[in-house]
Amino acid sequence: MDKIQNYIDGQLTDPLSGHYLENYNPAEGVVYGLIPDSDEKDVQRAVKAATKAFPVWSAMSVAERSDVLLKVADLIDRDSDLLALAESVDNGKPLSLAKSVDIPRASSNMRFFATAILHFSSESHLTDNKAINYTTRTPVGVAGCISPWNLPLYLFTWKIAPALAAGNTVVAKPSEVTPMTAYLFSKICIEAGLPSGVLNIVHGLGPKVGQAIVEHPDIPLISFTGGTATGKSIAATAAPMFKKLSLELGGKNPNIIFGDCDLKNTVDESIRASFSNQGQICLCGSRIFVQRSIYDQFLKLFLERVKALKVGDPLEAGSDIGAVVSQAHMDKVLAYIELAKKEGGEILCGGAQVKLPGRCENGYFIAPAVITGLDYNCRVNQEEIFGPVVSVMPFDSEEEVIGYANSTAYGLSATIFTENLKRAHRVSHQLKSGIVWVNCWLLRDLRTPFGGMKQSGVGREGGEEALRFFTEAKNICISLK
Ligand code: NDP
């Protein structure tokens with residue numbers, strides 16, 4: 001049985017308590033490994049190591065820091081098959097997805113910030129010929145990075161890379177639900193020669209390890225990705241301590257399809273936006289609004305495609321939909337299907353557990369569900385389900401659909417399909433979301449600001465936004481007189 005270890009002060013170590021949690025393989029529904037059930041004592045050790053490493057790491061030249069992070073990226077690429085397999089087994093996602101998206105993106109994250117830091121600059125302002133203001137941006141200290149289970153190594157590195165590139169040291173906690181690739185990543189960091197204590201990874205439960213990181217007085221900044229409820233509790237703890245906070249939270253994203261769209265592209269992208277990673281991506285478009293003129297036509301084509309998606313063993317080529325991440329999560333998603341029925345929805349396909357033959361017979365598989373007949377403001381259309389479930393609704397006017405789209409507490413991303421350029425601009429500007437895709441979905445450029453409005457988060461990640469978050473700005477004003 002695989003036994004994961006913490007990575008503290010450059011060493012792989014057991015949790016001080018000696019206690020472990022069970023790690024499930026969601027495709028088989030069985031325990032296949034053990035995870036350290038760490039506590040605040042392990043976090044304390046990690047913070048001590050990170051504090052000790054900070055003066056050396058932050059004083060290294062950016063070129064030296066960049067070199068180590070590039071080495072980490074190279075080793076991720078070297079081990080990409082191993083990492084992709086580990087991610088698929090740990091999370092339930094199709095191996096093909098882990099190979100094509102998760103792991104390549106993890107090395108891109110490292111490479112992107114390892115090189116971005118070489119070009120990072122700060123402002124200077126000439127003030128009426130009376131003074132020169134210049135701004136310095138220096139690393140803050142020990143950063144706390146907490147990440148979720150849906151894109152494990154992808155989101156873990158998305159935080160760690162800018163934090164380290166900017167010269168901070170890090171105490172990180174991956175989700176205890178999917179810790180395996182973070183563990184393999186710690187071995188890669190050792191091999192790459194990352195100095196001891198620069199990155200520390202403490203495995204364990206959110207309320208124990210995560211909370212201890214958030215509460216720690218020697219961690220002045222927290223970067224968190226996860227659910228809105230957890231984000232709220234983290235903000236409540238961190239705000240009175242005046243910590244810097246970056247929160248990337250949940251979403252309930254609208255996918256708005258106008259009558260003048262390119263229907264083939266719209267159906268293709270809508271399938272991806274709805275069901276990639278079993279619908280467990282914060283950016284998935286779970287509310288599909290279709291203009292009435294093409295509603296029937298779209299629904300027919302969309303349904304044909306959804307029914308053709310293969311729910312299957314994640315390790316088999318050709319499986320489109322793997323397992324959802326846990327029994328608890330499967331139960332939550334299925335409860336929303338029941339709620340949809342109570343709220344007057346019609347389940348046109350899917351929405352039940354799928355029993356696969358062979359090794360996956362006890363796995364957590366759900367057939368992708370398409371629901372119609374729900375009001376835009378019912379619970380199923382307002383709350384985040386985070387599974388392979390979409391609700392399709394008709395609309396008539398632009399004004400009406402903007403109201404529907406903006407009606408939830410969330411504001412992470414939105415997708416618009418139209419061939420009318422003016423409309424694309426007009427609607428994009430009126431949507432209350434941090435990201436808008438037009439005629440595409442999840443087409444990412446790592447330089448762009450990433451994050452949500454309203455209850456989808458606080459702050460932005462990506463490119464210079466991330467490097468600014470992970471540095472402290474100081475303005476120095478020099479009189480010219
Ligand atoms: P959670 O909020 O449950 O957990 C996220 C992380 O926080 C985990 O590592 C978790 O540990 C930890 N945690 C839990 N409680 C605490 C606490 N009190 N203090 C500190 N840390 C804590 O989210 P999920 O893992 O369930 O991920 C799914 C959610 O993430 C969805 O809502 C999704 O929308 C959101 N998400 C947002 C993204 C964005 O960029 N906006 C991207 C991807 C996902 P543990 O696992 O042990 O509970």
Side-chain angles (χ1 to χ4, degrees), residues 4 21-24 35-40 43 90-91 93 102 105 109 144-156 158-159 171-180 182 201-216 219 222-238 243 245-253 276-286 324-326 328-330 332-333 383-387 408-413 433-435 442 444 448-462 465-466:
I4 284 171
L21 303 159
E22 292 178 329
N23 192 13
Y24 277 79
I35 315 156
D37 182 9
S38 313
D39 58 29
E40 72 285 352
V43 171
D90 212 23
N91 172 278
K93 67 178 67 209
D102 291 73
R105 174 61 192 274
N109 288 339
C145 297
I146 302 174
S147 58
W149 49 256
N150 61 331
L151 300 164
L153 192 61
Y154 173 137
L155 289 176
F156 195 62
W158 181 235
K159 301 188 170 305
V171 175
K173 189 197 99 63
S175 170
E176 130 272 343
V177 182
T178 53
M180 186 52 85
I201 301 175
V202 187
H203 295 274
L205 297 168
K208 263 157 94 172
V209 174
Q211 186 70 21
I213 291 173
V214 175
E215 281 176 356
H216 202 291
I219 297 184
I222 302 286
S223 172
F224 169 81
T225 299
T228 293
T230 317
K232 215 175 259 183
S233 122
I234 287 175
T237 306
K243 296 193 178 204
L245 265 186
S246 165
L247 302 174
E248 295 297 334
L249 309 175
K252 187 73 181 174
N253 310 304
S276 291
N277 205 38
Q278 296 70 247
Q280 302 166 134
I281 300 180
C282 52
L283 306 160
C284 278
S286 52
V324 298
V325 79
S326 65
H329 191 58
M330 179 173 71
K332 177 190 152 185
V333 174
E383 297 174 14
E384 186 183 44
I385 300 175
F386 215 57
T408 73
Y410 298 104
L412 186 54
S413 73
S433 64
I435 301 152
L442 198 35
R444 291 281 290 123
T448 60
F450 180 91
M453 297 183 182
K454 301 195 279 183
Q455 293 189 21
S456 287
V458 174
R460 293 291 182 273
E461 296 184 318
E465 301 271 352

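Counting convention: from 1, in listed order, for ligands and their atoms alike.
Shown in contact with Gly204 at under 4.0 Å from a heavy atom are these atoms of ligand 1, numbered in order with element: 47 (O). Atoms of ligand 1 found under 4.0 Å from any heavy atom of Phe450, numbered from 1 in the order shown, are 40 (O).
The option with the heavy atom closest to atom 35 (C) of ligand 1, from among Gly206, Cys282, Pro152, Gly226, is Gly226. Which of Lys232, Glu461, Glu384 comes nearest to atom 31 (C) of ligand 1 through a heavy atom is settled by distance: it is Glu384. Atom 6 (C) of ligand 1 has its nearest heavy-atom neighbour, among Ser147, Gly210, Gly250, Gly227, in Ser147. Of the candidates Phe224, Tyr410, Phe156, it is Phe224 that places a heavy atom closest to atom 7 (O) of ligand 1.
Residues satisfying the side chain to side chain contact (heavy atoms under 4.5 Å, CB included) test with Ala212, not counting sequence neighbours, are Glu40, Val43.
Using modelled atom types, no side-chain atom of Ser433 and backbone atom of Gly411 make a donor-acceptor pair closer than 3.5 Å.
The shortest contact between atom 47 (O) of ligand 1 and any protein heavy atom is with Glu176 OE1, 2.6 Å. Among all non-hydrogen protein atoms, the one lying nearest atom 12 (C) of ligand 1 is Ile146 CG2, 3.7 Å.
Residue Leu283 does not touch ligand 1, judged by heavy-atom distances below 4.0 Å.
Under the 4.0 Å criterion applied to side-chain N and carboxylate O atoms, Arg460 and Glu248 are not assigned as salt-bridge partners.
Counting non-hydrogen atoms of other residues, nucleotides and ligands closer than 6.0 Å to NZ of Lys332 gives a total above 12.
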